[in-house]
Amino acid sequence: MKEYLKAQNKTTDAIISNTFSTNELERFSKSDYRWADNRSKQYSYRNVKKGEIYQFEFGKNFHPEMSYEHRGLVIGVKQKLLYVLPIFSYIPSKHSDVYHPVDFPHSKSDMFLLKSCDFSFITHDSVLKLNDIRTVSINRILYQQHGAIPLSSDTYQKIEELVLQKYFPNFWYSYTQMKQKPYQSEADIYKLEKTLKSLSMENEELKNRLSSDN
């Protein structure tokens, strides 16, 4: 109880000193309420799938981690745990460097631009935070957004590829090298066949010359 009161006093002091904006105060109050209201509830039964978009309560976290209520793209499901990439509003003046497969294909940014004209689940351009993958309980879901990113689409494939590159660069390098080996082997075989064909032709020409000399 002593530690709880100490924490409450600290929070109250921060509020009084205007550390929080009115908006953030409302958001973290909702976050605390949801946690207190749901922490002892049984896991919700949901058939969550990769590529789907949900509204999540990410809770209070340290900067620059994603906090409070935001959308998120599910990129993995493990029983009652979900692996999620947060989605937030795109502000061009603030997010000057973003990745987009068509508009900004050479960017190395950790933010993936999702255009509202391409996706039904957003009403304005948004950003997918590739370097802030979250492992969350299924109970953090507030509701499901309409629409999803099909797993077979180039967009989803590129998202997973970029996530692997950023989180597991050594694995990604080894994986791409391994994938190239069959193509390298095919190229080597082609070169050998070409060389063999050339040698066969030279051999045939040499035979013809020897025959004509005799």
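Everything numeric in this text was worked out from a predicted model, so none of it was measured.
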- Message: Checking the side chain of Gln157 only, and the main-chain atoms of Leu151 only, is there a donor and an acceptor separated by less than 3.5 Å?
- Response: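 Present.
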- Are the side chain of Ser109 and the backbone of Asp97 linked by a donor-acceptor contact shorter than 3.5 Å?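 Yes; judged by distance alone, with no hydrogens or angles, the pair exists.
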What are the two closest heavy atoms between [X] and [Y], and how far apart are they?
{"X": "Asp132", "Y": "Pro86", "result": "O-CD, 3.2 Å"}
{"X": "Leu85", "Y": "Lys129", "result": "CD2-O, 3.6 Å"}
{"X": "Tyr83", "Y": "Val77", "result": "CD1-N, 4.2 Å"}
{"X": "His95", "Y": "Ser89", "result": "CE1-O, 3.3 Å"}

- Task: Say whether Leu142 and Ile122 are linked into one hydrophobic cluster, either directly or through other cluster members, by side-chain heavy-atom distances under 4.5 angstrom.
- Result: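 Result: no, two separate clusters.
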Is the closest side-chain heavy-atom distance between [X] and [Y] below 4.5 Å?
{"X": "Leu82", "Y": "Tyr54", "result": "no"}
{"X": "Pro101", "Y": "Phe112", "result": "yes"}
{"X": "Leu130", "Y": "Leu128", "result": "yes"}

- Message: Among Arg140, Arg71, Gln145, which residue satisfies the side-chain hydrogen bond (donor to acceptor under 3.5 Å, both in side chains) criterion with Gln55?
- Response: Gln145
- Non-neighbouring partners of Asp154 that pass side chain to side chain donor-acceptor pair (under 3.5 Å), sequence neighbours left out: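 Residues passing side chain to side chain donor-acceptor pair (under 3.5 Å) with Asp154: none at all.
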